[in-house]
Engineer: 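Got a structure for you, questions after.
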Amino acid sequence: MARVPPDVSKRAEQLREQINQANYAYYALDAPQISDAEYDRLFRELQQLESDYPALVTDDSPTQRVGSAPLSGFETVQHATPMLSLNNAFDEEEIIAFDRRIKEALGESDEIEYAVEPKFDGLAVSLSYDSGALVLGATRGDGYAGEDVTTNLRTIRAIPLRLPKGAPNTLEVRGEVLMLRRDFEKLNEEQAARGEKVFANPRNAAAGSLRQLDSRITATRHLAFFAYGIGTASGGRVPEDAHSRQLDYLQSMLFPVANQRDVVHGVDGLLEYYQGIGEQRSSLPYDIDGVVYKLNSLRAQRELGFVSRAPRFALAHKFPAQEEITEVLDIDVQVGRTGALTPVARLAPVRVGGVTVTNATLHNEDEVRRKDVRIGDYVIVRRAGDVIPEVVAVVIERRPKKTRKFVMPTKCPVCRSAVERLEGEAVARCTAGLYCPAQRKQALWHFASRRAMDIEGLGEKLIDQLVENEMVENPADLYELTAEKLAGLDRMADKSAANVVAAISASKKTSLERFIYALGIRNVGEQTAKDLAAHFGELEALMQVDEETLQGVSDIGPVVAGSVHGFFAEPHNRKVIKRLVANGVHWDKVKKTAVRSSALAGKIFVLTGTLPNMTRDEAKQRIESLGGKVSGSVSKKTDYVVAGDKPGSKLDKAQQLGVAVLDEPALLELIGS
Ligand code: IVH
């Protein structure tokens with residue numbers, strides 16, 4: 001074998017160090033330090049060195065994480081000490097009782113010290129190190145014996161293959177394998193694009209990936225790992241006094257450990273922690289299903305011991321489940337403000353995340369097909385935070401013999417007008433526009449909503465009645481309502497009728513941006529309405545403008561320009577606006593921002609690398625002052641990538657997509673200075 005020159009072996013060591021550090025930053029700190037492209041470059045350089053000098057290859061090199069030929073099955077391994085489970089608690093009383101039991105058992109009157117950490121929603125594994133090298137990795141199995149998944153675990157970049165200097169002779173680390181949400185979403189997109197199975201949640205994706213007999217597949221799946229405890233250890237300086245110190249120690253041995261861990265005192269400390277993590281839950285990069293409380297003193301832990309299969313000294317305080325299984329009673333179609341037809345699953349009521357859910361969105365026809373949701377199916381429903389509940393997946397094992405497939409109606413379920421689905425669009429729409437009562441109701445509701453005309457008391461129920469009794473057809477009609485007319489409606493006392501009329505009247509004084517937003521032009525949200533108001537200053541000008549000029553307004557692209565122009569070109573819409581103004585709707589004139597029209601108007605720039613003579617902020621300001629837009633990532637929509645020194649992956653992407661690349665002189669020339 002070729003002798004390895006010292007500078008080559010030094011470079012290989014350097015590369016390994018950099019790659020390991022990058023893995024640690026990405027998985028343990030959730031603070032990536034280098035781009036994917038840079039990572040790949042380092043990795044390929046190391047691979048090249050190792051292929052030129054095979055003597056360089058070591059078992060713990062990051063290049064050895066690629067997996068190997070498939071196994072015919074996993075071997076069974078006995079755990080040195082059992083991997084037990086945790087008792088679960090769901091409410092405060094159970095936490096108070098847990099703390100009381102511990103105090104009694106220890107004969108303590110002072111507040112107890114607890115180590116607290118997130119409860120990861122993944123799979124438990126055990127990692128055994130001998131003389132610093134990873135020698136065995138196993139799943140939890142039944143707690144006493146699991147499966148040998150060493151080759152698969154070796155592909156996980158967050159798991160150290162070799163421990164740093166000073167590691168114990170033997171060390172068994174326990175923790176959870178999981179998939180970060182961003183990796184889960186990417187995986188599902190790729191699976192769907194290949195026509196392969198999509199996973200219901202990151203946990204299932206992690207489980208499916210870890211139990212691959214072909215570890216080369218596991219290697220492509222970007223699994224993550226967090227350590228939460230030590231099984232056994234010998235030799236070295238493993239702390240023996242407190243769990244929290246063991247976690248710190250594991251971190252010093254390069255294991256990812258939850259940053260959100262803490263040490264707290266007494267029941268109040270526990271509950272405060274629970275609440276704090278609950279608030280962070282949706283912004284964590286991975287799923288958790290609760291928090292874990294552990295008596296911090298390891299001596300006291302031993303004193304308390306176990307009951308059957310769970311420790312007395314620890315407890316999982318679970319969050320209300322964000323996913324439940326329930327039956328699909330029917331699939332209806334809802335018509336939205338812009339006529340979009342959305343299939344909605346009517347569900348047998350089920351409590352998810354603390355509220356009762358009876359409907360869940362199925363988004364669109366393609367989604368129903370992709371997930372193959374049928375009437376009669378049992379499905380997983382998810383409700384995360386304030387988002388609309390959605391159907392995640394069908395529980396195929398529970399599919400009854402008789403189910404009914406969903407068919408998208410060809411006529412609007414509300415007004416019977418034709419439904420159309422344009423090529424390339426996922427959404428089918430009712431073509432009737434405001435002649436469709438469903439769209440009319442939604443349009444009125446939007447018009448009256450708080451961020452639009454802000455008409456208090458004009459809620460959904462009242463709008464339904466107004467439309468159904470043909471008292472109101474469009475927003476202008478609202479301003480011709482009287483208390484007498486309203487008083488005839490259901491649940492409408494004289495007093496409330498007068499209040500509604502007063503609220504409608506009060507809404508007449510508004511601002512141009514609110515008015516534009518209230519019109520409900522497709523693709524025009526609050527920000528776009530603001531931009532349009534600031535740019536044109538008055539409604540007349542906006543109503544006259546052509547599509548090309550619209551596209552010159554900062555942040556307005558061809559799609560929005562098309563919608564805006566189309567809306568004002570419609571005589572019916574112009575008539576309604578005229579009547580609104582005649583009925584007294586008014587606003588103060590807006591001071592126009594400088595008219596931007598230059599070569600840069602509407603053009604999208606991405607900056608990367610260091611420019612020789614200006615900072616990125618300066619470049620950004622100059623581009624924006626001339627009507628250009630600066631975006632953070634390169635896509636097909638990007639017009640120019642401005643690249644300086646050390647440009648990074650954005651330049652690669654630009655070249656891939658054929659986007660024009662400028663250096664500083666070329667940029668200066670473009671902006672004419
Ligand atoms: S400690 C003796 N800490 O929860 C119990 N477990 O029900 C040792 N889990 O199988 C477990 N996050 O997979 C512990 N921070 C954490 C955890 C955690 C998730 C899982 C683990 C275990 C299950 C116990």
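Every number for a ligand or one of its atoms is a count from 1 in the order of the listing. All values reported here derive from a predicted model rather than from experimental measurement. The chain is numbered in sequence order, starting from 1.
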Engineer: Have a look at ligand 1 and work out which part of Arg174, if any, has a heavy atom under 4.0 Å from it: side chain, backbone, both or neither.
Structural biologist: neither

Engineer: Considering non-hydrogen atoms of the protein only, which is the closest contact for atom 13 (O) of ligand 1, and what is the distance?
Structural biologist: Glu176 OE1, 2.5 Å

Engineer: Return a yes/no value for Leu84: is any of its N or O atoms, backbone included, closer than 3.5 angstrom to an N or O of ligand 1?
Structural biologist: no

Engineer: Give yes or no for whether the N/O distance cutoff of 3.5 Å, strictly under, is met between Ser85 and ligand 1.
Structural biologist: no

Engineer: Between ligand 1 and Lys294, can you find any atom pair, the residue atom being a heavy atom, that is separated by under 4.0 Å?
Structural biologist: yes

Engineer: Applying a 4.0 Å heavy-atom criterion (strictly less than), which segment of Pro118 is in contact with ligand 1: side chain, backbone, both, or neither?
Structural biologist: backbone

Engineer: Backbone N or O of Val379 within a donor-acceptor pair of the Asp377 side chain at under 3.5 Å?
Structural biologist: no

Engineer: When you look at CD of Glu272, are more than 12 heavy atoms from neighbouring residues, nucleotides or ligands closer to it than 6.0 Å?
Structural biologist: no

Engineer: So, regarding Leu86 and ligand 1 (criterion: nitrogen or oxygen to nitrogen or oxygen, under 3.5 Å), is there a contact or not?
Structural biologist: yes

Engineer: If you measure from the Lys or Arg side-chain nitrogens to the Asp or Glu carboxylate oxygens, is any gap between Asp30 and Arg182 under 4.0 Å?
Structural biologist: yes

Engineer: Is it the case that atom CD in Glu303 sees more than 12 heavy atoms from other parts of the structure closer than 6.0 Å?
Structural biologist: yes

Engineer: So which heavy atom on Asp289 is nearest to which on Phe120, and how close?
Structural biologist: OD1-O, 4.0 Å

Engineer: Are any of the side-chain nitrogens in Arg203 or Asp287 under 4.0 Å away from the carboxylate oxygens of its partner?
Structural biologist: no

Engineer: Among protein heavy atoms, which lies nearest atom 21 (C) of ligand 1, and at what distance?
Structural biologist: Tyr228 OH, 3.1 Å

Engineer: Around atom CD of Glu196, are there more than 12 heavy atoms from other residues, nucleotides or ligands closer than 6.0 Å?
Structural biologist: yes

Engineer: Return the closest protein heavy atom for atom 2 (C) of ligand 1 as residue, atom name and distance.
Structural biologist: Pro311 CG, 3.6 Å

Engineer: Distance to 0.1 Å, residue and atom name: give those for the protein heavy atom nearest to atom 4 (O) of ligand 1.
Structural biologist: Lys119 NZ, 3.2 Å

Engineer: Is there at least one pair of N or O atoms, one from Phe120 and one from ligand 1, spaced under 3.5 Å apart?
Structural biologist: yes

